[in-house]
Structure formats: structure tokens, C-alpha cells
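To start, the structure itself, in C-alpha cells.
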Amino acid sequence: MTDREGTGCVVESYGRRVVVERSDGARLPCKLKRKNFDLVAGDDVRIALSPGDDEWTVTVRLPRRNVRRLRRDNGVTVSAQFPHSIGYP
């Protein structure tokens with residue numbers, strides 16, 4: 001990866017904006033490249049800084065390691081990732 005691209009983990013997600021933590025501990029506010037990204041905290045993503053743009057963009061959601069989905073009574077589906085350390089497969 002270069003200084004204009006990299007990978008990280010989503011630590012906050014709200015609307016079309018997320019905060020991604022890179023392996024060096026830096027937290028970067030990012031926008032989403034596509035409207036239909038279904039990102040939740042814990043997702044590993046690839047990010048890039050486009051030429052002439054001063055804002056990081058999530059370009060790819062990497063495969064999820066572990067996810068649970070719950071359908072609420074109103075039909076809304078909620079996704080969440082759980083770390084292996086708390087006993088989920």
C-alpha cells in the first residue's frame with residue numbers, strides 16, 4: 001500500500017460517513033464510494049485518497065470475519081460484528 005491508499009477497520013459508522021482506524025492507530029474520517037455499502041463497526045476496509053481530493057474514501061469492504069444479523073419487528077435489519085474473544089464463532 002502507498003501513502004495514498006491503505007487498509008483499516010471501521011470504528012464508527014453513521015450514514016455515508018465512517019471513521020477508519022489504520023494499523024498505526026491513526027483514525028481517519030472517510031466518505032463512502034458507493035451508496036449501498038453496508039458497513040458496521042469491525043468491518044475491514046480498503047481506503048484511498050484520490051488525486052486532488054483531501055478526503056479519504058472507502059473503496060472496498062473486505063470479507064467479514066464474523067457477523068450477526070437481527071431483523072427487528074419493524075422489518076429493519078441490523079448488522080453487527082462480534083470479536084471471537086467474546087465466545088462467538
Side-chain angles (χ1 to χ4, degrees):
M1 296 287 158
T2 68
D3 59 339
R4 299 193 65 80
E5 60 184 29
T7 58
C9 181
V10 174
V11 292
E12 297 177 33
S13 176
Y14 38 87
R16 295 199 58 212
R17 313 288 296 172
V18 296
V19 176
V20 174
E21 185 174 313
R22 297 189 322 182
S23 60
D24 63 2
R27 288 187 174 207
L28 304 171
C30 301
K31 61 184 179 180
L32 303 182
K33 184 175 181 179
R34 298 187 333 230
K35 288 182 184 179
N36 61 348
F37 267 137
D38 178 26
L39 295 179
V40 296
D43 278 339
D44 292 319
V45 293
R46 187 167 294 133
I47 57 174
L49 191 59
S50 301
D53 194 356
D54 60 350
E55 195 168 28
W56 288 91
T57 303
V58 174
T59 57
V60 175
R61 184 191 78 209
L62 301 174
R64 285 184 171 150
R65 298 172 298 227
N66 194 351
V67 69
R68 295 287 189 254
R69 287 194 161 81
L70 171 67
R71 184 174 296 268
R72 294 183 175 170
D73 291 338
N74 62 1
V76 174
T77 301
V78 178
S79 298
Q81 291 222 77
F82 295 95
H84 295 288
S85 62
I86 60 174
Y88 292 96

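What you are looking at is a predicted structure, and each value in this text was computed from that prediction instead of being measured.
- Between Asp44 and Cys9, the closest heavy-atom pair is OD1-CB, 3.9 Å.
- Taken from CG in Leu39 to CZ in Arg16, the straight-line distance is 11.0 Å, to the nearest 0.5 Å.
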Working note: Val10 + Arg61, criterion side chain to side chain contact (heavy atoms under 4.5 Å, CB included); need CA distance, chi angles, decisive distance, verdict. CA-CA 10 Å; Val10 174; Arg61 184 191 78 209; over 6 Å; no
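- In this structure, Leu62 CG and Thr7 OG1 are separated by 7.0 Å, a value rounded to the nearest 0.5 Å.
- Considering CG of Leu32 and CD1 of Ile47, their distance stands at 12.0 Å, rounded to 0.5 Å.
- Note: Lys33 NZ to Arg46 CZ = 11.0 Å, rounded to the nearest 0.5 Å.
- Distance check, rounded to the nearest 0.5 Å: CH2 of Trp56 to CD of Glu5 gives 8.5 Å.
- Judged by distance alone, with hydrogens and angles left aside, the side-chain atoms of Arg4 form a donor-acceptor pair with the main-chain N or O of Leu49 at under 3.5 Å.
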